Amino acid sequence: MIDLKALRENPAKFKEGAALKKMPVDIDRALALDEQRRALQTRRQALAGEQGQLEKSVGPLLGKLNGELKKATDPAQRAALEAQVAELRAKPAALKAQVQELEVQEKAVEPELTALMLTIPQPPDADVPRGQGSDDNVQLRTWAPAAGAVVTGGWDFAKSFKANRGFAPRTHIDLCGRLGLVDFPRGVKMSGTRSYVLAGDGMLLHQAVLRYAMDFMVRRNGFVPMSVPVLVREECMIGTGFFPAGREQAYMINERARADADVAGSAGGGADAKAAGHDLFLTGTGEVGLMGLHEGEILDEAQLPLKYVTVSPCFRREAGAAGKDTAGLYRVHVFDKVEQVIICRADEAESRRWHKEMLGYVDALLQSLGLPYRLLQCCTADLGVKNADMVDVECWMPGRGEVDADGVPSGGFGETHSASRLYDYQCRRLNMRYRAGGEAGKGAPVVCHSLNNTVAASPRLLIPILEMYQNADGTVTVPEVLREYMGGKTQIG
RNA sequence: GGUGAGGUGGCUGAGCGGUUGAAAGCAGCAGACUUGAAAUCUGCCAUGGGCCUCGGUCCAUCGGGAGUUCGAAUCUCCCCCUCACCGCCA
């Protein structure tokens, strides 16, 4: 969520930001509602103050009169007292009615304003390239193992796979079938399209990647490992910025409807019986659980930065992706991901520094795996609602791209990581703040900054591993760093 | 699933109809004492928001929502959550 005060002061900035992100949102309407609400609030509060004063002076007197009324026996005296009481009550009651009326008007304005505020995107940073879509993303740099690398023999982006390795590549789908690493038909039988079953060495390799990535972040980079819920309440999805924009991307567990049905179906349940419970959502990334951890908290500045890593299943409906990447392990409904998150002080320079750091961890990880990749600076139109800046990492996948006359794919980059810088957008929604000033003194609470980045998402990352490490005979060499996680196995097949 | 007890400031914990935005303790901050520190003493220490002559001032908030009342942390109802014991169970 953006800062409402900032919006008031500089609406143009947010209008431009929304335009750059290609996200139409009625900012003027938000401003008008805000002004309307404030006007109502000012009037209401003035009246409420008056009412409060009146009550304080009238209250004790009323108590006294009521006491006398109880004791009074003479009808004439009673009537006089009753009249006095009624008069005393009338004034604050009249004010209260006005206050309540204004309150009703305020509450009528609020939902629309809140809904609008949740959809106003964070403006992209000034140095993010402007663009119309993913085609305008800018390649920052590439990396490939040097010639003579032990396992893959090095890689040259200028040459085809065949020129690099001396044989035509098989796709990961082909390899998985031949080596029995993935059983797609049975996955589909049970769960429908985009489902799969990792089998044998395929499952081992998947686990090896995740465990290696986790150890890599914890042991080498000092991240705190966490297990977090993947089934969360709607507030958690809104707080982390995934809702309302991405609501159709998340699986929902409709517990309320179910509880209602149970009540209606049971013998004792009347038609109007409403069962308790709340709906839950399956998270599409461990980021939700990691960021939700400190929701509503005021942290001590000395605790920052918080560096968390988790490995969790991720659930995505892939609504609107019909037909895209339908074959293979690239786009699936459920996968596992090691995710890193950093919560730091509200400082742009620090935020930028951590962003580079987080990308550095991925550099080191992919280089240790010997996988060629590139860094892609996302352009304004390719950013989500919540980020000010985003850099994607794409691994080279020899099985992607155009297929030539001989059925050999050209290869292509496929996204495996995404590093976002959010400033305080996410933490403001989560109401996550820290006490500035540290030991020097107590400052006002400040909204934290947050960042996140993939460490390893599998099985997608298995695609470049299998395709890059395949051998002419159809076997696959196990990357050196993963061997200890596969019982020392050096080759699959 | 059954029964019972609870949810109060950074933490512990009083208050159960009327200057209680909230006692007390701990933690924190400032000062005094001290060569320094500890101990001790004194003072300050919630959050969000509105208005404003930027010094203030007012409003809201004691799990969330609705209600009763002139007045609610305190009473009523609904919801959420936690704990204990029993039952069941990976």
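What you see below is based on every heavy atom in this structure, not just the backbone, and it leaves out hydrogens, waters and symmetry mates. In this text the structure is predicted, and so the values were computed from the model without any measurement.
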Atom pairs under 3.5 Å, N or O on each side, protein against nucleotides 61-67 of chain B: can you list them with distances?
from  : atom 1 : to     : atom 2 : distance (Å)
B/A66 : OP1    : A/K107 : NZ     : 3.2

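- Phosphate proximity of B/G71 to A/K96: present, with a side-chain N or O under 4.0 Å from OP1 or OP2.
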Every protein N/O lying under 3.5 Å from an N/O of nucleotides 72-74 of chain B:
none

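- Within the structure, every side-chain polar atom (N or O) of A/R44 is placed at least 4.0 Å from both OP1 and OP2 of B/A60.
- By the 6.0 Å and 45° rule, A/K386 stacks over the aromatic ring of A/F242.
- Side-chain atoms of A/E301 never come within 3.5 Å of backbone atoms of A/Y434 as a donor-acceptor pair (strictly under, hydrogens ignored).
- Rounded to whole Å, the C1' atom of B/G65 lies 33 Å from the corresponding atom of B/C52.
- Across all strands shown, B/A37 has no partner, as no Watson-Crick or G-U wobble contact with both distances under 3.5 Å is found.
- Remark on RNA chain B: of its neighbouring residues A/R233 and A/A46, the 5'-side contact belongs to A/A46, judged by nearest-heavy-atom nucleotide.
- Each of A/N431 and A/Q100 was assigned the nucleotide of RNA chain B with the nearest heavy atom; the assignment lying further toward the 5' end belongs to A/N431.
- Using atom C1' as the reference point in both B/U61 and B/G21, the two lie 9 Å apart (nearest Å).
- Taking atom C1' on both B/A22 and B/A14, the two are 10 Å apart, rounded to the nearest angstrom.
- In terms of heavy-atom proximity, A/W354 sits nearest to A/Y361 at CZ3-OH, 3.9 Å.
- Of all heavy-atom pairs spanning A/V478 and A/L482, the tightest one is CG1-CB, 4.1 Å.
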Give me the distances for all protein-to-nucleotides 50-55 of chain B N/O pairs that come in under 3.5 Å?
from  : atom 1 : to    : atom 2 : distance (Å)
B/G50 : OP1    : A/R8  : NH1    : 3.3
B/G50 : OP1    : A/R8  : NH2    : 3.0
B/G50 : O2'    : A/T42 : OG1    : 2.7
B/C51 : OP1    : A/R38 : NE     : 3.4

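- Counting to the nearest Å, the C1' atom of B/G18 and the CD atom of A/Q51 are 15 Å from each other.
- Heavy atoms of other residues, nucleotides or ligands lying less than 6.0 angstrom from NZ of A/K15 number more than 12.
- The shortest side-chain heavy-atom distance between A/M390 and A/S418 falls under the 4.5 Å cut-off.
- Nearest to the side-chain atoms of A/R433 among the listed nucleotides B/C80, B/U47, B/U69 stands B/U47.
- By the 4.5 Å heavy-atom criterion applied to side chains, A/D125 and A/R421 are counted as neighbours.
- Atoms CG (A/L113) and P (B/G49) sit 13 Å apart, rounded to a whole Å.
- A distance of about 25 Å separates the P atoms of B/U8 and B/U3, rounded to the whole Å.
- In this structure, A/R233 forms no cation-pi arrangement with A/F281, as its terminal cationic atom is not both closer than 6.0 Å to the ring centre and no more than 45° off the ring axis.
- Between the C1' atoms of B/C11 and B/C45, the separation comes to 14 Å (whole Å).
- When the P atom is compared between B/U12 and B/G63, the two are found 14 Å apart, to the nearest whole Å.
- Under the 30°/60° scheme for interplanar angles, the aromatic rings of A/Y251 and A/H333 are found to stand perpendicular.
- Rounded to the nearest Å, the gap between the P atom of B/G9 and that of B/C89 is 40 Å.
- Taking the P atoms as reference points, B/U76 lies 16 Å from B/G4, given to the whole Å.
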